[in-house]
Amino acid sequence: MNAAAKSKNVFADVLERVRGAATPLLAPDTDFSRVLVEPPRDPTHGDMATNAAMVLAKDAGKKPRDLAEAIGANLRSDDIVEKVEIAGPGFINLTLKSHVWAEELRRVLRGGADYGRSDIGKREKVNVEYVSANPTGPMHVGHCRGAVFGDALANLLTFADFDVTREYYINDAGAQVDVLARSAYLRYREALGENIGQIPEGLYPGDYLKPVGEALAAEHGGALVGKPESEWLQIARAKAIAMMMAAIRADLAALNVSQDAFFSERSLIAGGKDQVAATIDELRARGEVYQGRLPPPKGGAAEDWEDREQTLFRSTDFGDDVDRPLMKSDGSYTYFASDIAYHKSKFDRGFLHMIDVWGADHGGYIKRMQAAVKAVSGGKADLDVKIIQLVKLLRAGEPVKMSKRAGEFVTLREVVDEVGRDAVRFMMLYRKNDAVLDFDLAKVIEQSRDNPVFYVQYAHARGESVFRNAREMLPDLPRAAAERAAMLQGARIERLSDSGELSLMRRIAAFPRVIEAAAVAHEPHRIAFYLYELASEFHALWTRGKDLPHLRFIIQNDPETTKARLALVQGIVTVLASGLALLGVSAPEEMR
RNA sequence: GACCCCGUAGCUCAGUUGGAUAGAGCAUCAGCCUUCUAAGCUGAGGGUCGCAGGUUCGAAUCCUGCCGGGGUCGCCA
């Protein structure tokens, strides 16, 4: 019977009540989709504000303020509404009875790690493709932002009830893996005792290929020496790719990133079944692939431009600027051609939602890929491409130099080893994906407010510390979070009346909204910012207990008040831990 | 020349998908530790949201045009 218990959270509940209050005043088929219930920026405007009257005024044929008064009058009799105020152009500001917030906090304690889960995903399948670094060497620091982003986004979508597959596309078919094979072959000869001298220009110079050479030597002895490339290339390539992928997976594991599916580009054309050709033929049959000529690029002098007829995909039919070539001049497929076949495979595997996480230099590629997804799926599937901007690696404000030419780059492993997984992950998510990120190795291990990783983790540890201290007074307070939460559900939360406490209860209650908004927008950074704000408010309330002892969480001769406040702390700790878990960052019990 | 992204406080950045008087951190200045972790907190100053139009009850947010920065532009992935 209690509507609040049925709905997912207070915001959804209040929205229902606003609709209920407005419906009798409107035509039966009124569209409520633009009606929002939000926490107002200014707390003096109450707990909730709705734009209902302003959005619906036109349909109702009334002035916004008049309609607001009418809706407000109906809301005033609602049993969870304390106060209704009409403000500005027609906002309806609601103050809710305080038991509403106590109820919501109990819901947090009941839900534990599940609080904030959403059902908006409806178990729909979504494919999140990320990292997809070429298997030609270890992961370097530039890869880790996309890795962390994709991983956190996948966590978030899972939490919002999508059926998520985390995928890695292995570019094991292009010319660069042949270069890898030749580089490994050279290391193979070296492993057999040959002096290979300087690594020639055009081959990968890094030492990380030595183990591949040694493995080849151990496996094949001298059998491959002096043979033509055609006899060893495949062998060296397969070995090198397998070993590089193993290294990459180990690097990703160090970041706590794991993926479900590793899709090989080579598999598209292997086994006598050329799926790239098949995809192109299919599109050609539908008139979306044709032989034609492209205009030369404008602006540039285009000296080596050679006008020729080629195989083109009609991406302009799907919103792209020009049609895109599918074959190189030597008759092989372009990367785009295999990418179309690859995305078709995602569609064939049942994914109607695809998310690709790409580096910033691929921005110009988005439209054609979205066009291709529309084409191969007959408009049924959608592709969102998240562009991950560069990371500027700094140390105490100074850029960290790296020379790719000398084969020296900062590896992902080095960074994780130096500052820790949590710092890397949190900082990579503490910026919108399309903004350049400064990553300062010195700053992220600082233990200060300047370092958001520390600041948020510290809030969690502080909360846990309260429980440790409270146990002196309440010896039966359980250590395990779930049992403790169960016990604290019985606390008299209604007696919490300080504005800081109430404000924290509202902040906690906003978590499900943040989850949904972040999931819909594919923006995990919103969780990081939310956690920072929650931590900040908790630190503030904590310190107020210094000046005002009656506001401390633990009140020596008042177990009832103490329990009520511990319930609040439990709510804070629960949401902090679950938000951090979505980001893949640990929630420590203490910071020492 | 075309397309994409960015432009918000001195610096680094958020801004709840169009809401009310635009917010944090750093830096600057002024304060708070016999007490639950001062690894923290409170307050002050600091803004023509790049510029100009438009859409509407209402624009940092949407549209158009400029300005500035970055990226991309048949054969690399």
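In the text below, chain A, chain B and the rest are named by the order of the sequence lines, each starting its count at 1.
- Regarding N451(A), its CG atom lies at a distance of 16 Å from the P atom of rC13(B), rounded to whole Å.
- Aromatic ring orientation, W542(A) versus F553(A): tilted (interplanar angle from 30° to 60°).
- As judged by a 4.0 angstrom heavy-atom cut-off over every strand, D172(A) is placed among residues making no nucleic acid contact.
- For rA38(B), the OP1/OP2 oxygens have a side-chain nitrogen or oxygen of R462(A) closer than 4.0 Å.
- Counting to the nearest Å, the P atom of rC13(B) and the CG atom of L437(A) are 8 Å from each other.
- Here, rG7(B) and rU61(B) have their P atoms 11 Å apart, quoted to the whole Å.
- Applying the salt bridge (charged side-chain N to carboxylate O under 4.0 Å, His left out) test to R565(A) and every residue at least two apart in sequence or in another chain returns E501(A).
- Nucleotide rG15(B) holds its C1' atom 16 Å from the OH atom of Y532(A), rounded to whole Å.
- Residue-level contact check: A57(A) touches neither bases nor backbone, having no heavy atom under 4.0 Å from any strand.
- Heavy atoms of R308(A) sit under 4.0 angstrom from at least one base atom.
- Residues H525(A) and N433(A) bring no donor and acceptor atom of their side chains to less than 3.5 Å of each other.
- Under the 4.0 Å criterion applied to side-chain N and carboxylate O atoms, D356(A) and K386(A) are not assigned as salt-bridge partners.
- Between M428(A) atom CE and rC13(B) atom C1' there is a gap of 16 Å when expressed in whole angstrom units.
- The C1' atoms of rG18(B) and rC4(B) are separated by 24 Å, rounded to the nearest whole Å.
- Across all strands shown, F553(A) has heavy atoms under 4.0 Å from base atoms, whether or not it also approaches the sugar-phosphate.
- Electrostatic pairing of E516(A) and R513(A) does not count as a salt bridge here, judged by no charged N lying under 4.0 Å from a carboxylate O.
- Rounded to an integer number of Å, the gap from R34(A) CZ to rC57(B) C1' is 11 Å.
- Between the side chains of R293(A) and Q310(A), not a single donor N or O lies within less than 3.5 Å of an accepting N or O.
- Annotation: rA52(B) and rC57(B) have their C1' atoms spaced 24 Å apart (nearest Å).
- For the P atoms, the distance from rG15(B) to rG54(B) is 29 Å, rounded to whole Å.
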Let me have a per-nucleotide readout for nucleotides 60-72 of chain B, 5' to 3', with B, S or -, counting only protein heavy atoms under 4.0 Å. B----------SS
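- Taking side-chain N and O atoms only, K546(A) has a distance below 4.0 Å to OP1 or OP2 of rA38(B).
- Nucleotides rG40(B) and rU17(B) are separated by 35 Å at their C1' atoms, to the nearest Å.
- Aromatic rings from F426(A) and Y455(A) are positioned such that their centres are separated by 6.0 Å or more.
- Note on Y455(A): only backbone sugar-phosphate atoms sit closer than 4.0 angstrom, heavy atoms only; bases stay farther off.
- Side-chain polar atoms of Q291(A) and T311(A) form a donor-acceptor pair below 3.5 angstrom.
- Between the CG atom of D307(A) and the P atom of rC75(B) there is a distance of 15 Å, rounded to whole Å.
- Using a 4.0 Å heavy-atom cutoff across all strands shown, A521(A) reaches at least one base atom of the nucleic acid.
- One finds a side-chain N or O of K328(A) lying less than 4.0 angstrom from the OP1 or OP2 phosphate oxygen of rC76(B).
- Here D330(A) lies out of heavy-atom contact (under 4.0 Å) with every strand.
- For the pair W542(A) and rA38(B), the criterion of a side-chain N or O lying under 4.0 Å from OP1 or OP2 is met.
- The aromatic ring of F91(A) does not stack onto the base of rG19(B), failing the criterion of a centre distance under 5.5 Å from the six-membered base ring together with planes under 30° apart.
- Of the side-chain N and O atoms in H539(A), none sit less than 4.0 angstrom from OP1 or OP2 of rG25(B).
- For F511(A) and Y530(A), the ring centers are positioned less than 6.0 Å apart.
- Phosphate contact (OP1/OP2 of rC41(B), side-chain N/O of R449(A), threshold under 4.0 Å): present.
- Under 4.0 Å is where a charged nitrogen must lie from a carboxylate oxygen, and between D440(A) and R395(A) no such pair does.
- Between the CG atom of D356(A) and the P atom of rA77(B) there is a distance of 18 Å, given to the nearest Å.
- Proximity of S465(A) to the phosphate of rC36(B): no side-chain N or O atom is located under 4.0 Å from OP1 or OP2.
- Comment: E537(A) engages R507(A) in a salt bridge, judged by a side-chain N to carboxylate O separation of less than 4.0 angstrom.
- With C1' as the reference atom, rC49(B) and rU21(B) are 15 Å apart, rounded to whole Å.
- In summary, the aromatic rings of F263(A) and Y168(A) are positioned with their centroids too far apart to meet the 6.0 Å limit.
- The residue P89(A) sits close to a base: some heavy atom pair falls under 4.0 Å.
- V322(A) comes within contact range of no nucleotide atom at all, as no heavy-atom separation falls under 4.0 Å.
- Here the P atom of nucleotide rA2(B) and the NZ atom of K367(A) are 13 Å apart, to the nearest Å.
- Taking a pair as Watson-Crick or G-U wobble with both distances under 3.5 Å, the runs of three or more consecutive pairs in RNA chain B are B:1-7 with B:67-73, B:10-13 with B:23-26, B:28-32 with B:40-44, B:50-54 with B:62-66.
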